[in-house]
Amino acid sequence: MVYGIGIDIGGTKIASGIVNDTGKVMYQKTVPTPKMGREEILAVLKTIILELVEWSELQGLSLAGIGIGTAGQVHFYEGKVISGTPNIRDWNGVNLRGDIGTYTNLPVYVDNDVNVLALAESVFGAAKGYEEVICLALGTGIGGGIFTNGQLLRGDWGGGAELGHMSINLNGDLCNCGLNGCLETYASGTWIAKRMQKARQEQGLSADVTSRDVFALYRQDDPLARRVIQTMIHGLSYGIVNLIHLFNPQAIVLGGGVMSEGQWIVDSVQKKISTMGMNSLVEEVEIKLSELHSNSGLIGAAMQTWLYK
Ligand code: BMX
Ligand code: ZN
């Protein structure tokens with residue numbers, strides 16, 4: 001059996017653990033993503049990694065390496081975060097492989113958080129068995145991973161598949177990547193909350209709402225929440241139809257925190273896209289819910305240690 005450390009660094013939390021090559025998470029630890037910036041994040045990573053290494057030694061497990069998935073545009077071959085939106089503060093230019101190499105001799109693999117989520121879904125989850133499949137994770141931001149010919153599409157250095165930053169409206173809200181109307185401004189947890197806050201403020205109501213509150217209000221038939229969620233489903237469907245037009249995939253897998261709201265989002269999108277775009281491309285695409293849920297990033301991060309060695 002092979003064991004690897006997996007670490008999934010998102011805009012809100014860092015999930016970490018020891019994973020074996022059947023996809024089982026043996027030991028897990030989740031902490032909030034530090035808000036102060038790189039020094040603090042690197043220090044937290046060091047503490048986590050040393051703790052996981054010690055735990056493995058006590059269990060007599062030998063580790064294949066450390067696999068990281070992080071939000072941001074990652075140079076896959078150099079193990080560096082090249083750039084990113086401010087969702088993670090002061091994270092651009094961090095040489096993760098170099099920094100972790102100062103306190104461990106284990107090999108270090110670094111990729112974008114949703115590329116590794118896609119990797120996990122392709123082996124153990126909802127993307128299994130498809131050669132042409134796209135994963136979208138709706139969380140703090142929106143990230144993507146594209147499989148074509150059964151391989152992750154990397155582009156030149158690995159920074160591609162930023163599917164959340166595909167604009168679906170020239171005149172849309174300004175996204176923190178600098179474009180207007182990105183998919184992320186319609187269907188990420190952050191923007192579901194933001195849209196609701198704005199709508200409530202306009203009505204003189206308390207703007208203290210999270211994306212979870214928006215879904216709860218939606219279930220109670222709150223008219224503002226209905227509008228925000230309808231806009232989200234419409235935006236998400238537009239983005240997905242763009243992806244279908246571009247890549248002719250067999251399936252699209254939806255994951256990330258927002259999708260813990262359930263299968264009904266998948267069903268609404270499946271229904272909506274059936275009336276949109278080029279029928280020949282859209283009609284047979286299956287929209288699916290992630291099967292590994294909140295663990296997919298962590299499992300995918302660790303998988304790098306045995307897949308790429
Ligand atoms: C953002 C972008 C992506 C990331 C995605 C999901 C940054 C820092 N983030 O669009 O690289 O994959 O969010 O990230 O540039 P999460 O924070 O929702 O997990
Ligand atoms: Zn953007």
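As the structure lists them, so they are numbered: ligands from 1, and atoms in each ligand from 1. Computed from a predicted model, the values in this text were never measured in an experiment.
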Could you tell me whether Glu40 and Arg89 have a side-chain N and a carboxylate O separated by less than 4.0 Å? no
Do you know which two heavy atoms are closest between [X] and [Y], and how far apart they sit?
X      : Y      : value
Trp306 : Val19  : CZ3-O, 3.7 Å
Ile287 : Gln270 : N-OE1, 2.9 Å
Leu117 : Ala137 : CD1-CB, 4.0 Å

Atom OH of Tyr27 and atom OH of Tyr3: how far apart are they, to the nearest 0.5 Å? 16.0 Å
Donor-acceptor contact present, side-chain His245 to main-chain Met278, <3.5 Å: yes
Per residue His165, nearest N, O or S atom to the Zn ion (ligand 2) is named ND1
I'd like the residue list for ligand 1, meaning every protein residue with a non-hydrogen atom under 4.0 Å from the ligand. Gly10, Gly11, Ala71, Gly72, Gln73, Gly84, Thr85, Asn112, Asp113, Val114, Gly139, Thr140, Gly141, Ile142, Gly143, Glu162, His165, Glu184
